Structure formats: structure tokens, C-alpha cells
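Below is one structure; the comments refer to it alone.
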Amino acid sequence: MDIEFLSSTMVTLLKALPVTLALFALSVSIGCVLALVIVWMRVGGNRYLAGFAKGYIFVFRGSPLLIQMFLVFYGLAQFDFIRNGPLWPLLREPFVCAVLSLALCTAGYSAEIFRGGIRSVPPREIEAARAIGMSGFLLVRRIIAPIALRFALPAYSTEVVLMMKSTSLASLVTVWEVTGVAQRLISHTYRTMEVFLCAAIIYLVLNFIVLQAMALLEHFLSRHLRAAPPAAKA
Amino acid sequence: MSTLELLGFGSTGWGALLLVAAGVTLAVTAVALLIGAVLGAIVAAAKLSGNRVLVFLGSVYTTIFRGVPELLIIYLIYFGGSSAVTAIGQAMGYEGFLGLPSFAAGALAVGIISGSYQAEVFRGAYLAVARGELEAASAIGMSRGLRFRRIIMPQVLRYALPGFGNVWQLSLKDSALISVTGLAELMRTSQVAAGSTRQYFLFFIVGGALYLILTSLSDQVFNRAERRANRSMPSAMGQV
Amino acid sequence: MPEVPRLSVRDIRKSFGAHEVLRGISLEARDGDVISVLGASGSGKSTFLRCINLLEVADSGEVWVDGEQIRMVQKGGRNRPASQKQVDHIRAELGMVFQSFNLWSHMTILQNVIEGPVHVLKRPRAECVEEAHALLKKVGIGDKANAYPAHLSGGQQQRAAIARALAMKPKLMLFDEPTSALDPELVGEVLRVMRALAEEGTTMLVVTHEMGFARNVSNRVAFMREGLVDSMGSPQEMFGAGASPAFRQFIGHFQA
Amino acid sequence: MPEVPRLSVRDIRKSFGAHEVLRGISLEARDGDVISVLGASGSGKSTFLRCINLLEVADSGEVWVDGEQIRMVQKGGRNRPASQKQVDHIRAELGMVFQSFNLWSHMTILQNVIEGPVHVLKRPRAECVEEAHALLKKVGIGDKANAYPAHLSGGQQQRAAIARALAMKPKLMLFDEPTSALDPELVGEVLRVMRALAEEGTTMLVVTHEMGFARNVSNRVAFMREGLVDSMGSPQEMFGAGASPAFRQFIGHFQA
Amino acid sequence: KEWKTVTITLEGAYAPWNMTNPDGTLGGFEPELAKVLCERAKVECKLVASDWDGMIPALNAGKFDIIMDALSITDERKQVIDFTIPYAATPAAFATTKDNALANAAGTGTEVRMDVGQTGVKEVDALKEAFKGKTIGIQAATVYAKFIYDNFGDTATVREYKTGADRDIDLQNGRIDLGFDDSVYFQSAFDAAKGELAFTGPQIVGPIWGAGEGLGVRKSDTDLRDMFSAAIKSALEDGTVKTLSEKWFKTDVSPK
Ligand SMILES: Nc1ncnc2c1ncn2[C@@H]1O[C@H](COP(=O)(O)OP(=O)(O)OP(=O)(O)O)[C@@H](O)[C@H]1O
Ligand SMILES: Nc1ncnc2c1ncn2[C@@H]1O[C@H](COP(=O)(O)OP(=O)(O)OP(=O)(O)O)[C@@H](O)[C@H]1O
Ligand SMILES: [Mg+2]
Ligand SMILES: [Mg+2]
């Protein structure tokens, strides 16, 4: 083990950490909001919106992110109306394009995960809510979402971790985050395993933190499924 | 050369090569998913067992294989696995190098990764099974195994199907990373075609479209399965 | 000018697949009416209540609440309510206690009870909490306010469901076997609460197997048989000599 | 040599958190005994039944079935059954009808009923199907064999649950309010089935609010109060002059 | 060890050096040269395609014996693998779009010779002035990247791409102003870009780019390295490399 090499590699990789974190935080939050909109279209009952949502989920779940990112970054810019359009100053930026394609992709996945959660909500409890006059957003916010969230959480935490790893594709569009820097380092040093090991440790730590946070949330949301706590007298 | 010619099935077209590659992708993913289903079920059972050691081991598995970039795991298994096999070969008197075939190494790597995802999907679905129904099974003296096979499994499958479909999608796309092992699956073949003809957009779009075709085929399978699994459920969602 | 009936149901039909569960039910309830709905298991009682507040959409027929008809449209070959808004607004005035309770599993009993008043009726939270505690005490589970439904006994869940419905202070209550899980002592308790409600003018439709309730508390008794109202009348009429042979057979087992 | 009791429960205690639900319950049942368990809602009746077949593990106390004690071990500060195998084998001889039915939602009614005989008892399928149809007919839902639980009325679900338990031909049946969702006609029906079972020698523990059943069908009545057996005796004793004041108050509401 | 069969790997997607034909066979400059070299080294050769990213580790893991993929001989690579003598050496140059203001910069069409690590060359400094504030795209981790950082890093924006092809597309799309790369590579990219791209400024040649492109072998296989070095030497001497080079690159790339 070459400790000196490992530590200098670590330092180089950690310098790219802010880029990875920024990509992650932005794309997960934007993607989550987008996913909510899409799942709402999907189960909302309007045939056209549902069709659109189905198509969206199909395309973004169905094709590799690598191809999506390539087409968003290199493909969109092929069109003159985009290059001359008002959004070009934004779309011109590699970072914006990377976040955009990451968010679009995770939205497709998350929408499907949320839908799975919604399916697990006991129909009887939905009925009880309808019977007191709840419907639409109120019903979703008060009854469906909390229960569905609980059921969707294990799968969603997986998706969030996946996003952390997917940020590594951003180097394709010249955004040099941790994995990209690692690969560049490898092509200088050819010490594949050592460099990747350092990168792996960074991702493992990040994802461990994310997963612990999710597990904590899951624990918190499962109160009603656990046995009564000892000495819980009101 | 025209687009049609480029994609045709004649001696100048890439059609045949791309279709074969799609078949390789499908095969690698299917094998990986099977490996992952077995691993996932075992790990989910460990995490739900309540036994502290098993829970810990299960968590280590899911944390590592979900947390480490896929590419590293593929490298580890492809190169690391080859070194191991070579070492064993040399110990037994064989000269030179031995290796895991790319297909086996790729399927194994993607399978191990997908196992960590499937474990979480199974666990979530298990938690969605109504407690009362499990009690009813215990009450007639069903053994743990029987209860699992007759009551839990069918319902876990019902609740797990959407998540399982997601994992299938993931594995389908993780299989694209196997290209570092030189396996001519869909992603690598698209890139080779793009690089050889310098028609990058054409072949990326065609590659993407082929992935979508694979997706739509598998979606149909999953939809049918979901419909079947949910025929016993009232549909409160579709109503006013 | 004749009084507008609180609830008026006209010729409701409902099929599940090939099975015609309701075959043309009509019924009218005025302010303060307490109508017992009796009938064999599977005769369509729950389905009838569920059609009134549109949890189940009838294939045909009309529902009028306070002189307002719930508007329906034919869409995609199926009958559907025309306005979700109207449905929500009418449902908020109809209370329902489910045969299977249907408490919200992710909320404590107190949260279950204040959910409607706070979020549907938009009343101040503190006020609702206070009322909820009083209601829970009234049905005898004041000490369970902070427990989750999964930790309650069957009878306690049923009483929580009743408290939840009462908290909405509805003008019309639909009860689906509200005392099925209760012991005789509590049945008496709950019937007392219902009687008090009736005296305050709340209209009630009560699916029940308690003949005592039908006979002593309600002012009208409807007997359902195979998706139709077989006979209907005051308790005196129904439990007297003029009852239909089918009803006499039905209650025969009770009196034996 | 004295006869071995079918079921013997000794000094069972059970707490949920700080709440002590069972505070030392003992009870013995011999072949053909039909014991009614009465008690207010929340008095611990369901918990008691659940402790007998170990769906709930008592904190202390012993359960003996047919002279065989269910072995327990202390593990991680909690009482646990020592052998899962023994538990499975004993449970297969105990039938249970749940207060909330707990039918398996992914199976049709017929599949629910044959599940135990075919997969636990490993009896030939064809035979079980035939018996199941007969049982379903007996409880009056012969036409619902191929329906799923979610598509059944409350009373139909309850009868399916009874049929499912009977299909195991257990030596000892635990009924948790088996007639709560039934109309008087069906109550009579089901009680007739239970009486027949009793005559064939099946031992039964029945949690019920049906005083008619307690008085006319059972040969012993246990009255539970706050986690203890308050009093116990033959129906004649319990409903006669010698009853405890608490029990007299409890049934007072019924007789009024 | 006797060398009878040798496995040679190349990417099969780096036209015109090496590429895949639609029927799955490999073609291009290197496969044809490989055939000649293997004949002269008197071994059977097997060509396999593999991914660029895993190539060097895979060589050391024994997946194949020789890398022939336009692999520049650099000191860094020499740390992990060994090289034969070079069989090609190519100049490098800037490219831009035809209608760009930067087209036809000073020195276009001429050659400038530079040494390893050399800076401050007159012609290059002239370009530096002309390209001030512009964005230059390079392929990451190449010798060209180092050259650009050394000479233009302080006045122009440098953007690193994973592949040259990506950079070419962005050059056409207008996200960047200039690209810098191997001019043989550029020449074939220009063909694909249908004449939209063109060289600008002088071609940079000489030792600055290292010794040129050679075959990569494991360090332990010195015998193999020597066999192929000899074969390359003879192919260079009799003009075979020149002929093949002119066929595929339309210019002579043999090292001088
Ligand atoms: N899992 C649990 N966690 C906490 N408390 C519980 C749990 N199960 C039951 N209890 C409490 O134990 C007490 C006894 O419950 P049990 O279900 O045995 O009552 P019961 O006699 O069957 O009543 P009912 O007639 O209403 O069904 C109740 O006060 C209940 O709240
Ligand atoms: N969702 C459904 N799908 C198909 N059939 C249904 C559905 N819901 C109810 N049914 C059938 O409709 C009939 C009437 O059911 P309903 O629940 O109204 O009966 P009920 O009078 O309330 O009976 P109980 O007293 O047993 O609760 C039953 O035969 C039942 O099987
Ligand atoms: Mg009903
Ligand atoms: Mg109970």
C-alpha cells in the first residue's frame, strides 16, 4: 500500500467533492418536485395527462442516462432555435445541462416509486377520508402522502443513492466531479484500483450518511407500526 | 451513406450487429436479475429477521453495494476475479493467465448490485403486508417457511412489482457499464458504431430507441403481472 | 309549502359485474328521523349507505340532500358525479361510521378525530382538540387519545370511529353497524349517545342488527331484502301484526 | 387417573408498555367444554385468546395443550417460545376466528378455506375442495367461493373466516366475537353450527357479546374484568342469583 | 514461453486508426498493419475489440497480450507497461469552424517543431495573443492537454472533454471556439463534419508529443516486445507503413 499516493489522490478527489454535492443536491430536489407533478398527472384521472406522464416515465426510465445526457447537452445545441433562443445562456452551461438531465431522469424513476407507495395505501383509509369530504390535494396531503411516503421510502432512498452515483456521468459534459477526476487521474497514473478505491470510499461515506438519514426518517414514520413504547402515559 | 443503409441488415448496415447486442444486453440483465433476486431475498430476510448479527450483515451488504459506484464493483469482479482464478490456476500448475468470461463476470457484478436494490424492494413490500393476515396464517399453524411461501411471497410480489420493475430498469442500464469488460452489449456496440462511422447522434438515438424497445417489452410483462397480482384488490384510487 | 326532506334517495340501482346488489331503492328522511335499516347479510345495506355518500357510484337513481340533487353525468359509459366540489361539500355534511372502522393507521386516535374538523371544516385546532377529548371521554376511550389504531381493541376502534364521525357535527349520520363490536354495557352507552343526537335533530340512517335499537330508538324501520326495500314503517307497525312475512321470519330468530 | 384437560392456562400476565392488560389469568377446558368469555371492551378478551395460541407472547404464565406444555425461554429479557416447531404443531390443532376476520386478501374465499388443510395438514386437494364447498354452503356463502375478500360484505367475510377455521377440524376452537357482523337470522345459523361442533366434542372458547349464546349453548361462562377473571361458573350460576355484583351490572344493560 | 498465438486488442471505434465494420469485423490502419507485423514476427494473431477505459489494466490482468490503439508512448504509461518502438508519429493542430473569426490564424499551413516542455515559441505566442479570452476544448488527460495548459492556460478558458468526438460536436455547436488535437484525427473528423471545420494556425510537430504511437505490452514480455519492435523496424524500412498510412490518413505518419 502506497500511503503517500493514496493520500495525495484523496486530496485531489476531495477538491471535486463540492461539484458532486452541488449536482446531487440540485438534481435530487428538482427531480423530486418534478416527480410529484408527474405522479400526480399519472394517477390524477385525466386521461391526457396520464398518457403524458406514462410516456415521460417510459422514456426517462427506459433509456440510459448516459444517452439522455448526451442528447440534452450535445443534441439540443444542434438546433438553431435553441441556440438563438432565450434559454441558450442557461443551456450553454455544462453544469445546468448536467443538473437538468439528472433531474429529468430521476423524476421518471421517482414518479414510479411514489406510485408504488400510493398503491400500498389501504383503500379503506382513503374511503374514510372521502367520507368526511376530503378530496384532491387535501386527501393527498393528509392521508395518502404520509402513508405512501412510508411505503415508498425504502425504494426512494435507493433512488437517492443512485443519484449520488449518477452524478459521475456529468464528466461526459465537461463537469469534472469526483469520478471524472478519478478517471483523469487513472489515465495519468494507470493505478486503477487505488484511485477507484479512494473514490469508492468517498461515495460510500456520502451514501452512508444519506442512507442513515433516510433510515432515521423511516423509523420516525413507522411509529404507528411499532409496539407501544414502555411507559407512554399521556 | 444514407441513414437507412447505415441501419440496414445488409453488409453495410449495422442493424444485425445492434440487434445481437440488444439480445446480449437482455440476456446479461436477465441472468443478473435472477442472481440479484436470490441475493436480495436472502438479504431482505436477514434484515427483517430481528437477529442483531444478521441485521448488521444485511445492512453492510446493502450499504456497500448500493453505496459504491457500480463501475468499481465491475472492475473488482472482472479484474479481481480474474486474478483470483489465475492464482488458483497457477497453484494447480497451470501456466499463464486465466480469466472469468466477460459475460459471467458482468452478470455476476450486475447481479450483486441488483441484489442490494432488490433487498430493499422486498423489505418495503413485506412491510406493506397486513399484519392481521400474517397472524391468521400463524394461527392455523403454518410454519415459517410455509407462511412465507403461501401468504407473504404472493403479497410481497404484489407490493414489490413496481419497485421490481424499477430494479429491472436499473440493471438493464447497469449492464451498459459492463462494456469495460469488452462484452459487445448494446451500449458498447452503439458507441463502436458511432465511433466507426462518426455518426454520433444517429447511433446514440438508435441505441436509446433499442433500450426503449427493451423497456416496452419488459413493461408489458410487468403490467400484465401487476394486473394479475392486483385483481383481488378494490380500486379505491380510481374513484371520486 | 312542504318541508324539504333532509335526504331523499330515488330508485337507486347498483350492480357489481353481473350481480345486481341494489335493484331500485327509494327512501326519504326528514329532520330528526332515525331510520333503522335491517336486512340479512349480503342484502345490500352497506352498499346502500355507500351509494348515499357516493363512495360507491350508483348505476342509476338520484340522491338529494337538503333539497339539492347530486348532479351526475354519463362518462365513458359510466355514471359519475358531475362536480367533485359538490360531492366534497355534501360529504362534509354527512357523517359515516364504517362497518370496518377504517381508522387512519398513521394517526393517533386524537389526530383521527380532529382531522376532519381542522382540515376539512378549517376550524381552529385548539377548539377541535378540546371537543375531541370530550367526545372520546363520552364514548369511553378518553385514555386512548394518544394511542395508534393498531394498539386498540376492536370495541375501542369502533368507538373511535364513532367519535371521528361525530366530530364533524354532521346533519345526517350514516351508521353501518355501529355497535357490532361492543359489549352490552357499551351498546347501551352508545345508543344513549345516538338517542341524544336524535333529540338534537340529527337525522340518522342506522344499519343495525340490534332489534332493541330498531324498536326503541328509531322512529322508522326499513327492511331490505335482496336489493329492495321489502317493507318499511314505524316500529309499532313493523314489529306488530302487520309486518311482512319475510320480515317476520327474519326477526323470528331474534325472538326465539 | 384424572382426565388430561384439553387446554390449561395458568397465571398468564401480559403488558403493553406500561399498561398491564392481563394480570394473572388461569382457566381450564376439558373435552367438549364450551366456555363463553364475556367482558367489557378493552378488558383483555382478545389479548387472552391471542396469548393462548402465542400470537401474543405472555410475559409470564403457562399454556398447556393436551397435557403438553408450550416451552418458553427467556431471551434478551423477553419471554419467547423455545421451539417454533412445537408452536406450529400446537397451532395447527387450535382454530381461531379473528375479531377482524384477517382473510388473506390475495386468495379467493375457497382458496382461503382450503389453504390450511392442503398446505399445513397436507391433505389431498380434491377432498379439501369438496369439504370447503360444503362448509361454505353451511354458513350460507356457497355462491361466494370464487370471490375475493375485498368484494364481500362484512357478514360474508365473517362467515368465510369461520369456515376457514372449521376446515382445519381443530380440537380446540378460539372464537373472537364470531357473530358480531351477523344479522339475527345468521346468528341463529352460526350458533347452530357451533352447537353441533360442541356435540361432536370440539372444545370451544368463545368471546361473545351474545348473552343468548352464553346462557343457552355454553356450559361455562367466564367474566373478565380489567385483566382478571372476575367470576366463572355454569350459566345457571352466573345468570342466577349467585353472580358477582360486577357481572350483574354488566348484564344488567342487556336485560333492561 | 513460446509465442505461437498472440492476442492484440484495439478499441474498434477510433476511425481511421481502427474501426468496426458493420459486419462486426475490424478494419482501419492498425488492423492492416497488425497483419503485416504478425506475419513478420511469425506468430498467429487474434484481434479482439475492447473498451479503451479498461485496456491497460486488462493487459496486465492477462486478458490479451498487445495493445494497438494509437497508444502514445509516454513516461507515465511506461511506469506500468512496456512499449515497442513507434510505428507512427503525428502532428497536432488547432481547429475551428470555417466561418469563425479565428479561422486562418497566422501560420496556417506551416509546421512548428517543439521539444518536450518547451514554451515561449514565437509562433505559439502569436496564437496566444489571437486566442485571448476564447474557450479551447481538449481531450482530457492527453499530451495535448498539457501543452494547452502550459501555453494558453493563463489567457484562454480551457474545457476538458472525455472524448475528442464530444469536443468536435461542441465546436460545431458553438459552445467553444477552438479545439486542439492530433491532426490526423482532426482530418478525418473534418470529413465527417462535411467541411464545417478547418485547421487554424501552424501544425506542431516534434518530440514534444513523445516518441509517437507504439504497441503496448506487459513489462514481463520483453521477448514479445523485441519481436514486434523488429517487425515494425522492417515495416518502416520497406515503406509498408508509409503505404498503409497514405491509404488511411492521406498523409505519411511514419515517425521521422
Ligand atoms: N398491540 C397493542 N399495543 C398496545 N396496547 C394494546 C395492544 N393490543 C391491545 N392493547 C390494549 O389492551 C387492552 C385490551 O385489548 P383487547 O383487544 O384484549 O380487548 P378486548 O377485551 O378484546 O376488547 P373488545 O371487546 O373491544 O375487542 C386495550 O386497552 C387495548 O388498548
Ligand atoms: N366491491 C364489490 N365487488 C363485488 N361484489 C360486492 C362488492 N361489494 C359488495 N359486493 C356484494 O354485494 C352484496 C351486498 O353487499 P353489502 O356489503 O352491501 O351487504 P350488507 O347488507 O352490508 O351485508 P352485511 O350485513 O354482511 O354487512 C354482497 O353479496 C357482496 O358480496
Ligand atoms: Mg355491511
Ligand atoms: Mg377484542
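Chain A is the first sequence line, chain B the second, and so forth, proteins listed ahead of strands; every chain is numbered from 1. Note that the structure is predicted; figures quoted are calculated from it, not measured. Keep in mind that the numbers below use all heavy atoms, side chains included, and drop hydrogens, waters and symmetry copies.
In the displayed structure, Lys219(E) atom NZ is contacted under 6.0 Å by more than 12 heavy atoms of other residues, nucleotides or ligands. By the neighbour-count criterion of 12 heavy atoms within 6.0 Å, atom CZ of Phe56(B) is sparsely surrounded, having that number or fewer from other residues, nucleotides or ligands.
Contacts with chain B (heavy atom to heavy atom, under 4.5 Å) involve these residues of residues 4-13 of chain E, listed by number: Glu11(E), Gly12(E), Ala13(E). Heavy-atom proximity under 4.5 angstrom to chain B picks out nothing from residues 67-79 of chain E. For residues 162-179 of chain E, heavy-atom neighbours of chain B at less than 4.5 Å comprise Ala165(E), Ile169(E), sorted by residue number.
Nearest approach of Ser196(B) to Thr20(E), heavy atoms of both residues: OG-N, 2.9 Å.
Rounded to the nearest 0.5 angstrom, Asp51(E) CG and Leu183(B) CG are separated by 11.0 Å. In this structure, CG on Asn21(E) lies 10.0 Å from CG on Leu17(B), to the nearest 0.5 angstrom.
Listed by chain and number, the residues in a side chain to side chain contact (heavy atoms under 4.5 Å, CB included) with Ile112(B) are Leu39(B), Tyr61(B), Phe65(B), Ile77(B), Leu108(B) (sequence neighbours excluded).
Using a 4.5 Å cut-off between heavy atoms, Tyr78(B) contacts chain E through both its backbone and its side chain.
When the candidates Ala58(E), Gly28(E), Gly27(E) are compared by the number of heavy-atom contacts under 4.5 Å with chain B, Ala58(E) comes out ahead.
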